[in-house]
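No experiment lies behind these values; they were computed from the predicted model shown.
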Amino acid sequence: MAGVREQLLSIEEKYKRFKQQQFIFITALERSREHARDKTEPVSTVEQVKMYMNHHCTNSTDRRIFSLFLEIISDLGGVLKHLESSLSSQNSSCEGLDTCRDLLGPNSNISQLRAHYPHNEINRLSCDEARNFYGGIVSVIPLALDLLTPYGRGGAQWLTPTATETSQQTVAKNVGMVGDLDIDTSKNLGRRKKGTGGWHAGKPAWKPPGNTRR
């Protein structure tokens, strides 16, 4: 797992740069959506960002920040493939990686994702309207990192079912929807889960004991 650890450290460094430029990213999305006459719906897929970069960029700054975002997504996908290959060689599987694959899918609807505590990406969006339009797209990287980082930190023990906490519990906590994430239907990411509201319910994230739920 040393290779995975190094890849994740590299991604985290890139993401630190990206977080410092989140305002530039949002401004680039605003300009591109206006140019595409696409300002009534949230930015809901990674493919949408790619389309903006290829067809609706108005300057090199916008293209650069879109390129960094897509590069990080691609790097995360590379780590995911490496881990899936390791699991395949062991004839094993992991719900956390399945969910991460859906998170990173270019056409997965991630508009309802929200990265809450300990992340602050949502809080840095200026208003409720911005959070509605961009909350999902700024949440996908930190949530994917939450799902993948334990593998780089914990090594091969995370690829076995004997870990202290099941991967399903880990996934649920990382997406902030304990008890509401239906792992068995993770390929339907972004749809309502009957009877619970799923990710569309807008429930608050899991927080450590003592914190007040919003």
Side-chain angles (χ1 to χ4, degrees), residues 7-8 10-30 32-33 38 41-53 62 65-81 83-84 95-125 130-152 170-177 180-183 186-191 198-206:
Q7 285 177 289
L8 286 169
S10 175
I11 292 169
E12 287 171 357
E13 285 302 312
K14 289 180 184 178
Y15 186 53
K16 285 178 184 177
R17 285 194 286 122
F18 180 80
K19 282 201 298 185
Q20 292 170 352
Q21 302 177 66
Q22 179 171 299
F23 178 77
I24 296 174
F25 181 60
I26 299 304
T27 302
L29 288 172
E30 282 280 328
S32 297
R33 289 170 68 240
D38 188 25
E41 297 294 330
V43 180
S44 57
T45 69
V46 171
E47 185 65 26
Q48 199 171 348
V49 177
K50 185 175 181 180
M51 182 268 291
Y52 288 153
M53 183 180 74
D62 292 358
I65 194 65
F66 286 154
S67 180
L68 179 58
F69 172 83
L70 293 169
E71 182 180 339
I72 294 170
I73 294 290
S74 178
D75 289 350
L76 287 167
V79 171
L80 178 63
K81 287 181 180 178
L83 291 169
E84 288 178 323
E95 294 93 339
L97 297 187
D98 291 341
T99 299
C100 191
R101 187 191 317 114
D102 287 326
L103 279 179
L104 298 175
N107 294 303
S108 293
N109 186 343
I110 55 176
S111 60
Q112 299 299 320
L113 285 178
R114 294 295 182 268
H116 292 296
Y117 182 90
H119 306 291
N120 66 351
E121 284 79 1
I122 300 297
N123 293 334
R124 294 174 64 194
L125 295 174
R131 291 170 189 174
N132 178 53
F133 284 131
Y134 309 118
I137 204 68
V138 301
S139 296
V140 62
I141 293 176
L143 291 180
L145 277 170
D146 277 355
L147 292 168
L148 294 175
T149 297
Y151 295 92
T170 303
V171 172
K173 286 183 179 180
N174 282 329
V175 299
M177 296 297 296
D180 278 355
L181 181 61
D182 187 348
I183 298 300
S186 62
K187 290 186 179 179
N188 294 321
L189 191 67
R191 299 180 183 176
W199 287 12
H200 287 263
K203 293 183 180 179
W206 173 87

Taking C-beta and beyond as the side chain, do Cys100 and Leu148 meet within less than 4.5 Å on heavy atoms? yes

To the nearest 0.5 Å, what is the distance between CD1 on Ile65 and CD1 on Ile26? 9.5 Å

Using a 6.0 Å cut-off, check whether atom CD of Glu41 has over 12 heavy atoms from anything other than its own residue. no

Would you give the length of the straight line joining atom CG of Leu97 to atom OH of Tyr151, rounded to the nearest 0.5 angstrom? 3.5 Å

Restricting to salt bridge (charged side-chain N to carboxylate O under 4.0 Å, His left out), what partner residues turn up for Glu71, sequence neighbours left out? Lys14

Closest contact, heavy atoms only, Leu29 versus Val49: CD2-CG2, 4.4 Å

Sequence neighbours excluded, which residues qualify as side-chain contact (heavy atoms from CB on, under 4.5 Å) partners of Ser139? Leu113, Ala115, Ile122, Leu143

For the backbone of Arg131 and the side chain of Arg114, can you confirm whether one donor and one acceptor N or O come within less than 3.5 Å of each other? yes

In this structure, CG of Asp62 is separated from OH of Tyr52 (nearest 0.5 Å) by 12.5 Å

Report the distance from atom CG of Asp102 to atom CG of Asn109, rounding to the nearest 0.5 Å. 12.0 Å

Under the 3.5 angstrom rule, does the side chain of Arg124 hit a backbone N or O of Phe23 as a donor-acceptor pair? no

Any side chain to side chain donor-acceptor pair (under 3.5 Å) involving residues 15-25? Give me the pairs, sequence neighbours left out, ordered by first then second residue. Glu13-Lys16, Tyr15-Glu121

As an exercise, state the distance from OG1 of Thr149 to CG of Leu76, rounded to the nearest 0.5 Å. 8.5 Å

Val46 vs Leu104, test: side-chain contact (heavy atoms from CB on, under 4.5 Å). Steps then yes/no. CA-CA 8 Å; Val46 171; Leu104 298 175; over 6 Å; no

State, with a plain yes or no, whether a side-chain heavy atom of His119 is found less than 4.5 Å away from one of Asp146. yes

Which salt bridge (Lys or Arg N to Asp or Glu O under 4.0 Å) pairs, counting each pair once, include a residue from residues 132-143, with sequence neighbours left out? none

Mind checking ring pair (Phe, Tyr, Trp, His ring centres under 6.0 Å) for Tyr134 and listing every partner two or more places apart, or none if nothing turns up? none

Any residue meeting side-chain contact (heavy atoms from CB on, under 4.5 Å) with Ser67, in chain and number order, not counting sequence neighbours: Met53

With a 4.5 Å cut-off on side-chain heavy atoms, are Leu125 and Phe133 touching? no

Strictly distance-based, threshold 3.5 Å: is any side-chain N or O of Ser74 a donor or acceptor partner for the main-chain N or O of Leu70? no

Of all residues at least two apart in sequence or in a different chain, which pass the side chain to side chain donor-acceptor pair (under 3.5 Å) check with Ser44? Gln48

Output for pair (Phe18 CZ, Ile11 CD1), nearest 0.5 Å, gives 14.0 Å

